[in-house]
Amino acid sequence: MRELVTVQVGGFANFIGSHFWNFQDELLGLAADPESDPVYKNQMQHLNMDTLYRSGETQQGILTYTPRLLSIDSQGSLGCVSSHGGLYNSEAYSSASTTVATWKGGVSTHISEPRKKNVFLQSLYEEEQSNGMDNGQSDNQRKFQDQDIVESLERDVEYWTDFSKVHYHPQSLYELSGLWIDTQESNNYGIGKDIFCEGLRGDEISERLRFFVEECDHIQGFQFVVDDSGCFSALAADFLEVVADEYSNTPVLLYTVRGSSSRTNSISRQQTISRSIHDAVSFSRLSSFCKVIVPIGLPSLSKSQTSSFLFIKDEKPYHSSSIYAAALHSMSLPFRMEPPEPAADSFQVSGGLDVNGIVQILAGQARQNMVAILDVAMPAPPIDGEMVEHSLLEHLQPLTPEVSSDAEDPQAVESMAVCGASGSGGRQASVSEVTKSVNANYEHAPTRPKFCHLSVALCPLPIPLPFPKIFGNHVGQHGEILSRPIAGSSRGSLDVHSIPMAARLRSSNAVLPFLENRLGNLRRFGLRQGAPGTEIVRSWGFGKDELEAMEETLSKMVSTLDDRAQISSDSD
């Protein structure tokens, strides 16, 4: 087995992670349900979920199966959920002492009212209490109805735990004690500087990661999902530096994420300068400690081509994070595909590879570009039939911001994952049919990549109950694209049970605008003589030498993708 350890850092990263783990939990549940579509049970025989999960046992001898995950967020970010999870004895895992040995004065305790569970979390508790008990309770007798749960989540989600249906290990959830995040400070990189190193925090976080790594037999890599903003970006960079030093032979696949609503407010010129420098500094530092970095987070998902069949409210992280989570789920499928038996054809999956494999595809070619673009088709179109107006390649739209839409790059390399594709009449397309269709798409494309790795799984993306109502009225029950709209503006998990998905990571010069903007802003606002952002970067604790090192990093990334670029240190 080749295990993967996932690390989520920051509020939006954990929103994405909550959806991601809900997908995994739904897959496990459907595979064990004799009344579900057989495709899930058949698929799980070829997907090794131990790649993402760990087996354990409580003090009472109860077997557990929890994500191999380290989640880091600010204090109070877990809502009504305990940082110790709900499976284990919290006292056995508590690292915080309630007394201070050196203090001899009086002690006062202030206890706030615990946050009440929402309807969804109450329903989970009710379901767990009734498990194993034949109480003869029908759907109509249940205290919480699915419709009420869905509507409640649409109104009331505040924390990422509000819609999480997954049990976590006590070592998984780490709150940054004493750190309360002001969302208005998302452009201030300095507030996160040295947070990782304060007190014993860095040691505590590293020890939690070590807990998951040391129980792995053959770890294949780390999957980091990190907020690209202020405190969390700086903390993650310091943490990644430790990871790169301690696990130098283990590749890191890094997704830097940003919510749609985080950059929509009007701001002053000083804030614009701070934001521009922040983006350059953040990206430069994070990219220094990974093998592949994938920036994702569009300014407005609702206005993008990605949302052709979706109904997204940008102001709700609960909505936008679900799209990114679906794409990450699809791209992670190859990491857990079981290799086929010798001389046997796989009818369920094909194209499995590990993290190092995708690193070699994207960043190990002659050009060695480490910055990848993430594209998604959600839902993916059928591969044939009357409803096919555009090819799968035309449906794939970028989730990476500031990329060129008309770049032609014959040196591009790609890794694509397609799951649950349908054919004419809504039938399930076979692995070979999907492979032939994708190859035909590339044959007729204006520009073909130099290389494309294709992974295919028959299993569609299952839609869990707490998934948001983001599907438009042209999306059918199984994600099919309807010729006529259904009444209503948006549809959720009660209407859409699964969808076909396609996602792609590509190394292409289409990412040049993203890189050139960060390089140009670093020079214009931070390095040029009399630059207006000099005091800002100085307040963040960076000297000229460090900024010049960041400039060199970004400059190399640009020149890697653009051989014609003549980059001079005094250009804008």
Side-chain angles (χ1 to χ4, degrees), residues 1-8 14 17-34 36 40-72 78 81-95 124-125 127-129 131-132 161 164-174 205-225 247 250 253 325 328-329 332-339 348-349 352 354-355 457 459 462 464:
M1 182 179 62
R2 301 276 288 166
E3 300 93 344
L4 182 69
V5 177
T6 300
V7 180
Q8 299 159 192
N14 280 301
S18 189
H19 283 300
F20 177 87
W21 295 109
N22 278 355
F23 292 141
Q24 315 318 314
D25 186 80
E26 192 74 6
L27 276 176
L28 290 167
L30 289 170
D33 184 356
S36 69
Y40 295 106
K41 182 176 181 179
N42 295 335
Q43 186 78 96
M44 296 304 282
Q45 296 175 5
H46 301 272
L47 293 178
N48 189 345
M49 295 299 284
D50 290 348
T51 298
L52 296 175
Y53 279 75
R54 63 177 299 281
S55 298
E57 186 176 334
T58 69
Q59 292 86 349
Q60 293 74 37
I62 301 173
L63 298 179
T64 62
Y65 199 54
T66 54
R68 189 175 288 106
L69 164 73
L70 173 57
S71 161
I72 303 170
L78 296 177
V81 174
S82 167
S83 61
H84 304 294
L87 292 176
Y88 293 77
N89 179 359
S90 62
E91 293 181 2
Y93 289 90
S94 177
S95 60
L124 286 184
Y125 179 78
E127 182 180 340
E128 289 172 0
Q129 293 301 303
N131 274 350
T161 55
S164 172
K165 68 193 196 85
V166 178
H167 279 297
Y168 298 98
H169 189 274
Q171 296 284 7
S172 284
L173 306 182
Y174 185 87
I205 294 174
S206 298
E207 190 59 36
R208 292 198 180 211
L209 181 67
R210 193 173 297 113
F211 171 83
F212 293 107
V213 173
E214 289 184 349
E215 66 181 11
C216 295
D217 293 327
H218 302 285
I219 184 172
Q220 63 168 286
F222 296 105
Q223 176 178 257
F224 268 73
V225 186
Y247 309 102
T250 306
L253 173 60
L328 266 60
H329 163 80
S332 72
L333 284 174
F335 302 151
R336 40 197 150 139
M337 289 181 178
E338 294 280 26
Q348 296 291 328
V349 299
D354 60 13
V355 173
C459 182

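At a threshold of 4.5 Å between non-hydrogen side-chain atoms, the residues C216 and V5 count as touching. Contact of the F224 side chain with the L253 side chain is not registered, since no non-hydrogen atoms from C-beta on lie closer than 4.5 Å. In this structure the side chain of V81 never reaches within 4.5 angstrom of the side chain of S164, judged on heavy atoms. Side-chain contact between S18 and T161 is absent, with no heavy-atom pair separated by less than 4.5 Å. L27 is listed as a side-chain neighbour of C459, based on a closest heavy-atom distance under 4.5 Å.
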Ring pair (Phe, Tyr, Trp, His ring centres under 6.0 Å) evaluation trace for Y168 with H84: CA-CA 8 Å; Y168 298 98; H84 304 294; over 10 Å; no
Check against side chain to side chain contact (heavy atoms under 4.5 Å, CB included), V213 and F222: CA-CA 10 Å; V213 173; F222 296 105; 3.7 Å; yes
For side chain to side chain contact (heavy atoms under 4.5 Å, CB included), just list the numbers for L70 and T6, CA-CA rounded to whole Å, side-chain angles, deciding distance to a tenth of an Å, and then say yes or no. CA-CA 6 Å; L70 173 57; T6 300; over 6 Å; no
Worked verdict on L28 versus M44 for side chain to side chain contact (heavy atoms under 4.5 Å, CB included): CA-CA 8 Å; L28 290 167; M44 296 304 282; 3.9 Å; yes
For side chain to side chain contact (heavy atoms under 4.5 Å, CB included), just list the numbers for E128 and H167, CA-CA rounded to whole Å, side-chain angles, deciding distance to a tenth of an Å, and then say yes or no. CA-CA 11 Å; E128 289 172 0; H167 279 297; 2.9 Å; yes
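In this structure, Y247 and L209 approach most closely via the heavy-atom pair CE1-CD2, 4.0 Å. Of all heavy-atom pairs between S82 and L173, the closest is O-CD1, 3.8 Å. The shortest non-hydrogen separation linking P67 to Y53 is N-CD2, 3.7 Å. Closest of all the heavy-atom pairs between P462 and L30 is CB-CD1, 3.6 Å. The nearest pair of heavy atoms linking Q220 to V355 is OE1-N, 2.9 Å. Of all non-hydrogen atoms in S172 and L69, the two that sit nearest each other are OG-O, 2.6 Å.
Taking CD1 of I72 as the reference point, atom CG of N14 lies at 9.0 Å (rounded to 0.5 Å). R208 contributes atom CZ, which lies 7.0 Å from atom OH of Y174 (distance to the nearest 0.5 angstrom). In this structure, F212 CZ and I219 CD1 are separated by 11.5 Å, a value rounded to the nearest 0.5 Å. Taken from NE2 in H46 to CD in Q348, the straight-line distance is 4.5 Å, to the nearest 0.5 Å. The distance from the OG1 atom of T66 to the CG atom of D25 is 11.5 Å, given to the nearest 0.5 Å. Distance check: T64 OG1 to R54 CZ gives 6.0 Å after rounding to the nearest 0.5 Å.
Between the side chain of E3 and the main chain of D217, a donor-acceptor pair closer than 3.5 Å is present. At distances below 3.5 Å, at least one donor-acceptor pair connects side-chain atoms of R68 with backbone N or O atoms of T51. In terms of modelled atom types and a separation under 3.5 Å, the side chain of E57 and the main chain of I62 share no donor-acceptor contact. Between the side chain of Y40 and the backbone N or O of E26, no donor-acceptor pair lies under 3.5 Å.
Y125 pairs by the side-chain contact (heavy atoms from CB on, under 4.5 Å) definition with K117, Q129, not counting sequence neighbours. With sequence neighbours excluded, the residues that form a side-chain contact (heavy atoms from CB on, under 4.5 Å) with S332 are F20, Q223, F335, R336. Applying the salt bridge (charged side-chain N to carboxylate O under 4.0 Å, His left out) test to E338 and every residue at least two apart in sequence or in another chain returns nothing.
With a 6.0 Å radius and a threshold of 12 heavy atoms from other residues, nucleotides or ligands, K165 has its NZ atom above the threshold.
Checked against a 6.0 Å centroid threshold, the rings of F211 and H169 count as neighbours.
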